[in-house]
Amino acid sequence: MRSLEMSRHPFVGGFLAACMFAGSVPGALAQDDALLVNAAVAPSTLDPAWACGIEEIAYIQNFYVRPFRYAVSEGRHGVNEIDYGTVEPYLVDTYEVSEDGLVYTLALRDGFAFESGAPVDAAAFKYSFERVLTMGGCGAYFITDGFLDPVIIESIETPDDYTVVITLNKPNASMPIVWATPASSIVDPAVVEANGGVAAGQPNEFMSSNVTASGPFKLEAYTPNQSADLVVNEAYGGEAPASDRIRVNWISAAPTLLLQARTAQADITMGLSKRAARTLEESEGIRVLPFSAPFAQQMILPNSKEPWTNVKVREAVHHAVPYQDILDRVAFGYGTLYYGPIMPSLPGFNAEISQPVPFDLERAKALMEESGLDLPVDVEVMIQEGDPTQQQLATILQSTWREIGINLSIKVAPAAEFQELSQGHKVQSLMRLNGPGVFEVGYLWGYDVLCDVVHNLTEVCIPEVDELTAELRRTTDADERQRIMDEAVELWRAAYPKILFFEDQPVIVLSDAVTSYTYGPIPEFRDWAAN
């Protein structure tokens with residue numbers, strides 16, 4: 001969910017981390033029969049109830065079955081892609097929704113089992129969901145679509161071994177999408193209870209480094225921050241994964257990650273920098289594939305803090321950003337320019353009304369004059385330590401904004417301080433890569449657009465958009481939903497609440513040995529295979 005941060009708050013801000021380099025050592029090669037996956041960032045927890053970052057939930061979901069899952073469709077580059085606009089039953093066989101939208105009756109498939117041999121049944125479903133809600137970590141925000149005050153899930157009942165009845169306190173058309181997220185993973189109650197159980201507001205130490213597999217893979221070996229071996233879970237009730245064994249190496253050393261990708265030692269490489277990826281495009285034996293993902297590189301302008309309380313200033317700085325130069329020089333072309341509260345990769349994006357803001361210094365200067373502020377104005381932007389993209393963006397703005405009367409200083413904060421200050425709304429402005437953990441507009445706006453939401457770091461408040469979002473979440477008709485979203489986009493754009501530099505395009509490197517691959521911003525391994 002989240003504004004891509006690796007922390008205990010309801011934001012998936014992990015793709016940011018997927019392009020950064022955390023502390024680990026170069027990984028060992030896999031066994032000969034294993035698919036070898038190299039990644040830049042390791043998960044900080046294996047617990048689906050507590051995980052926040054993409055590097056965590058993408059890995060975790062390979063071990064667990066969920067009520068629903070996202071569909072797969074034919075994509076670019078000759079490979080499939082996850083379709084985040086469509087969900088399909090997974091553990092659920094069939095389901096019904098009451099006429100008032102409050103009661104979901106889920107009939108579960110018989111035949112799924114945990115690696116322990118225990119059945120994945122209604123009791124395990126109820127235990128897993130209630131565990132997530134009791135723990136109150138990021139998972140709780142995911143499975144409730146952000147409705148935590150009060151919790152939208154009023155009750156969970158199990159009238160028989162394979163039926164679950166979930167009653168909501170308000171209708172919300174997005175619940176099947178929400179229950180396709182890894183936070184909805186079904187865990188083995190007996191194993192959890194034997195290893196610490198459930199404590200309100202607390203992580204489970206055992207589950208942070210172990211899994212109770214109900215999905216296609218089980219965990220054979222795991223060395224935190226270094227490597228993991230995934231093998232087929234024989235108890236899994238679904239279609240067997242394409243690979244019997246997968247070795248994942250987490251490699252923080254950029255040269256090592258690049259070398260093993262270039263020489264095809266790794267079958268699949270994730271997390272290379274854009275500059276590194278560009279150097280591989282003519283290499284033999286590999287494919288360099290850019291994809292779309294709903295994560296935007298942005299600058300947060302907290303609308304309650306000076307000088308951002310002045311809409312003229314906010315509009316001015318938007319026109320003082322050389323977007324195309326940034327896309328070319330910082331993202332090396334791996335990005336999409338746009339402006340609006342819906343990323344191009346999300347269902348509901350309307351390109352006609354989401355055109356990027358034009359770079360126009362003269363217009364920016366005029367707007368600064370109209371603002372009535374005494375110029376020059378001092379502004380500080382906080383960036384995260386070790387993030388070269390943020391450093392480049394801030395340096396570019398320093399130079400450009402000086403011409404319109406803004407003196408921009410840069411505060412570099414370590415990860416913990418960055419988290420504390422940003423989530424505490426204690427900074428004048430900041431940069432981050434932001435994106436949703438649930439790939440649905442209503443969820444995204446729940447922390448990115450709406451009034452009086454603590455996780456809305458932009459602090460934008462447009463009451464009409466709040467009303468439209470509530471209407472959107474009640475609406476199932478596709479045309480009506482699009483009308484609502486378009487109206488909200490126009491209102492948001494007119495407020496110029498924050499700067500959007502570009503939507504990021506993650507780059508995946510595949511060796512020519514790869515025979516099957518499905519891309520997703522939160523990747524699953526079940527269809528990955530190589531000769």
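When reading the values below, keep in mind they use all heavy atoms of this one structure, side chains included, and skip hydrogens, waters and symmetry mates. For this chain, numbers begin at 1 and follow the sequence in order.
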Between [X] and [Y] (salt bridge meaning N to carboxylate O under 4.0 Å), is one present in this structure?
X: E220; Y: R245; result: yes
X: E459; Y: K305; result: yes
X: K218; Y: D229; result: no

Under 3.5 Å, side chain of [X] to main-chain N/O of [Y], donor-acceptor pair present?
X: S185; Y: Q61; answer: no
X: W308; Y: Q428; answer: yes
X: D83; Y: V72; answer: no
X: S511; Y: I286; answer: no
X: E440; Y: G442; answer: yes
X: S345; Y: A293; answer: yes

F502 and Y323: CA distance, side-chain angles, deciding distance, ring pair (Phe, Tyr, Trp, His ring centres under 6.0 Å) verdict: CA-CA 8 Å; F502 55 86; Y323 299 99; 9.9 Å; no
Determine whether the aromatic ring centres of residues [Y] and [X] are separated by less than 6.0 angstrom.
X: F217; Y: F525; result: no
X: W250; Y: Y59; result: yes
X: Y70; Y: Y84; result: yes
X: H77; Y: F291; result: yes

Heavy-atom neighbours of E205 CD exceed 12 at 6.0 Å: no
Within a reach of under 6.0 Å around CZ of R76, are more than 12 heavy atoms found that belong to other residues, nucleotides or ligands? yes
Side chains of [X] and [Y]: is there a donor and an acceptor less than 3.5 Å apart?
X: D448; Y: N434; value: yes
X: Q260; Y: N38; value: yes
X: S116; Y: D188; value: yes
X: Q324; Y: D328; value: yes

Among I268, V288, V79, L272, which residue meets the side-chain contact (heavy atoms from CB on, under 4.5 Å) test with I508? I268
Going by the side-chain contact (heavy atoms from CB on, under 4.5 Å) test, name the single residue among L500, L393, L397 that passes it with M299. L397
Determine which pairs satisfy ring-ring contact (aromatic ring centres under 6.0 Å, His included) with at least one residue from residues 324-349, sequence neighbours left out, and list them in order. H318-Y339, Y339-W492
Residues in side-chain hydrogen bond (donor to acceptor under 3.5 Å, both in side chains) with N233, at least two apart? none
Considering non-hydrogen atoms only, spot the tightest contact between M135 and V198 and give its length. CG-CG1, 4.0 Å
